[in-house]
Structures are given as structure tokens and as C-alpha cells.
2 protein chains.
Amino acid sequence: MLSKRAKYAIKTILFLKDRPEGKPISAKVISENENIPYKFLENILRELRTHRLIKSIRGSEGGYVLAKDPSEISIAQIMRIVDGPIALIPCISEKFYEACAECEDEQTCRIRKMFAEVRAEMVPILERPITAMDKEA
Amino acid sequence: MLSKRAKYAIKTILFLKDRPEGKPISAKVISENENIPYKFLENILRELRTHRLIKSIRGSEGGYVLAKDPSEISIAQIMRIVDGPIALIPCISEKFYEACAECEDEQTCRIRKMFAEVRAEMVPILERPITAMDKEA
DNA sequence: TATTATTCATACCTGTTTGATATGATATAT
DNA sequence: ATATATCATATCAAACAGGTATGAATAATA
């Protein structure tokens, strides 16, 4: 399941996407409009910034704007930043690889094979740009 | 990410699938062969049994066997039994539906729309029979 | 230049979940 | 009877999730 962090992060990105470029949006405004606890949101915003999904402008009249075109942002990117791996098991994650404790031979592990396939089919779904996902039905 | 419960459960199902039918396999044997903590495994086995994925034979020479043909068992089934919802957000889960606390109108929620689509594409991947997933490359 | 609005950084707290163990009862083949 | 199993419930420690607190740094503007 998606964490609240991830959900809030996605909401935030969508919110920024909707605003006219250039004019930064403050954490306060995002927090109030999207019902996200202010301080929690600040943490999330920082993560999104350090990973260059958004840019921040400090001081009065400051705030946040997208750091790239929304067509270059995907759910997968956001999830990886705030939640970590997308892969269902760590031993097949590309960005967050970790060996399984009990696994004796990774090369012949059947579970691994199965989930490598699952991952291969799942990642493209999550890597579509949010501009393609977020439209009217 | 997949929980250890789910991983152990899948390993267990695969293990049982490999054994000749009829002859029950004890928790001890599964535990030793698959490196699963014995008592933890017992819990998992009970869950799998109450959900009719496996059958148990009590007493000496007892153990466990699959309750249905492996072609009728999917990763999705196993995950739902031991981990709960597959959907990334609860408001689109069919078997484990739950409203989002902060959501004002579910019908118009953009996040929900996005993840309904994700779910629709993801579920079929996980619902394939394990017999189709678990084969040589 | 003082004030105000803001981001930035770090640390902390609390409840829940996860992974696992403990204890003991019940059933059955031999 | 005894050994080998499952079955049931309760408990526990560590990790994690969600959220708060405190305060410093920065910049527009009155």
C-alpha cells in the first residue's frame, strides 16, 4: 500500500502542476488546500526538493515550483523518493537493491524469477508521466 | 514491498506444489528446507488453511497439502490472505475497501482515478496462476 | 532596519505493524 | 503410551509510520 507520504507527495505535485509557472506556492497554501498536516508536508517538500522534483524559493513571498516539466514526472519517481523501492522484493530492485537474508543462490531463486517478471511489467505502469495519468475519464 | 509473511507463504505454496500429491508435508520439513522460522511458519500455514489454500492433516505423519490445483493459485490470492489489499490505495480496493480520511469527494478524486487505472493494470499481473509464473527462463 | 513570511534542519514522540517466540492443548499413527 | 504433528492464543522487541516541536536562516517589504 501507498504510504501517506507518497499520497501527499503526489497530491503536492499535482497541485503545483495546476498553478501557473513562476509564481511560487507556499507550504501553507498547499497544506490548507490539500488537507496535509503542515509540518509533515514540510518534510515531504524537502525530500522532493533534494531529489530535484521541485525547486524552493526562500524568504517572504517564497514557496515551491516544479523543477521540471510535469510530462517528465511519474508516480514511480515520486514513490521512489518518499517510499523507496517499487519492486516487491529488494533483490530485484534496481535503485534499492538488497540481498535477501535467507536466500542461498540468487541466480536460481524461483521467487526472485517470478518477481523479476512482475516488476518488469509493473514498472512501466508506474513510470508513465503524470500528465498522461491525470486526466478526465 | 512484499512482507516476509507473503514471501514465506509463496515459498511454502511452491514447495507444496513440487511434492507428490497425497503425502502431507510437515511444517518442520518446510521450515528447514525453506529457511522459515518454525513457529512463524505455523502461523502462516494456519492462515493459508483457514482461507482454503492448503489442507492440513493432524497428528503423527500429518502435515499439509495444497487444497486446490496449483493452476488455480495466484500470487494475488496469497498476498491478499497474508498481507491484505493489493491496491495501492484503500479507496479502490475491491476486497478491502476503505474510505480515505481526508478525501472529500471520492467520485472526483484525481488520485483515486489515477490509482484505479494503476490497479486495473496491476491486478491481472498478480492474478496469473503460479504455474504460469514459476518456470524456467 | 525591524518585521513578517517563509524555507531549512534536526530531533523527537507515539501508536501500529512486523517478524518472531512461548506455552500449552489437541489429535493420530504406531 | 508415546512420539509426532497440528492448533490456538498470547506475548514481545524492533522497526516503521505519521506527525510534532523547536529553532535557525533567508529575503521581501513596511
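Here the structure is a predicted model, which means the values were calculated and not measured. Lettering follows sequence order; numbering is per chain, from 1.
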*Can you tell me the distance, in whole Å, between the CG atom of B/Leu45 and the C1' atom of D/dC7?*
11 Å
Return the polar atom pairs (N/O with N/O) between nucleotides 28-30 of chain C and the protein under 3.5 Å, or none.
from: C/dT28; atom 1: O2; to: B/Ser60; atom 2: N; distance (Å): 3.4

*Below 4.0 angstrom, N of the basic side chain to O of the carboxylate: do A/Lys135 and B/Glu117 qualify?*
no
_For B/Lys68, salt bridge (Lys or Arg N to Asp or Glu O under 4.0 Å) partners two or more places apart_ = none
*Close side-chain approach of B/Cys91 and B/Tyr97, heavy atoms under 4.5 Å*: yes
*With the side chain counted from C-beta on, respond yes when A/Leu14 and A/Glu34 share a heavy-atom pair under 4.5 Å apart, and no when they do not.*
no
*Less than 4.5 Å apart, any side-chain heavy atom of B/Ser74 and any of B/Pro129?*
no
*In dot-bracket form, how is DNA chain C paired, counting a Watson-Crick or G-U wobble pair only if both its distances are under 3.5 Å and using | for bases paired to another strand?*
||||||||||||||||||||||||||||||
*Hey, is CD on B/Glu72 packed in by over 12 heavy atoms from elsewhere, all under 6.0 Å?*
yes
*Rounded to the Å, how far apart are B/Leu41 CG and C/dT21 P?*
12 Å
*If we only count heavy atoms from C-beta on, is the A/Val118 to A/Ile92 side-chain gap below 4.5 Å?*
no
*Calculate the interatomic distance between A/Glu47 atom CD and C/dC8 atom C1'; express it in whole Å.*
14 Å
Just the atom pairs and distances: protein N or O near nucleotides 9-18 of chain C's N or O, under 3.5 Å.
from: C/dA9; atom 1: OP2; to: A/Arg49; atom 2: NH2; distance (Å): 3.0

_Tell me whether the NZ or CZ atom of A/Arg19 lies within the 45° cone about the ring axis of A/Phe15 and under 6.0 Å from its centre._
yes
*Measure from CD1 on A/Ile36 to P on D/dA17 and round the result to the nearest Å.*
18 Å
Kindly list each side-chain donor-acceptor pair under 3.5 angstrom involving residues 39-47 of chain B, sequence neighbours excluded, with atom names and distances?
from: B/Lys39; atom 1: NZ; to: B/Glu42; atom 2: OE1; distance (Å): 2.8
from: B/Glu42; atom 1: OE2; to: B/Tyr38; atom 2: OH; distance (Å): 3.3
from: B/Asn43; atom 1: OD1; to: B/Arg46; atom 2: NH2; distance (Å): 3.3
from: B/Glu47; atom 1: OE1; to: B/Arg5; atom 2: NE; distance (Å): 3.3
from: B/Glu47; atom 1: OE1; to: B/Arg5; atom 2: NH2; distance (Å): 2.5

*Are A/Val65 and A/Ile10 connected in a single hydrophobic cluster, I mean Ile/Leu/Val/Met/Phe/Trp/Tyr linked by side-chain heavy atoms less than 4.5 Å apart?*
no
*When clusters are formed by joining ILVMFWY residues with side-chain heavy atoms under 4.5 Å apart, either directly or through shared neighbours, do B/Val29 and B/Tyr8 land in the same one?*
yes
*Are B/Lys17 and B/Asp69 within salt-bridge range, i.e. N to O under 4.0 Å?*
no
*Which value, rounded to the nearest 0.5 Å, describes the distance between B/Met114 atom CE and B/Leu88 atom CG?*
11.0 Å
*Going by heavy atoms closer than 4.0 Å, what residues in residues 10-19 of chain B are next to DNA chain C?*
none
*Distance check: side-chain N/O of A/Tyr38 vs OP1/OP2 of D/dG19, anything under 4.0 Å?*
no
*Separation of B/Ile44 atom CD1 from D/dC7 atom C1', in whole Å?*
15 Å
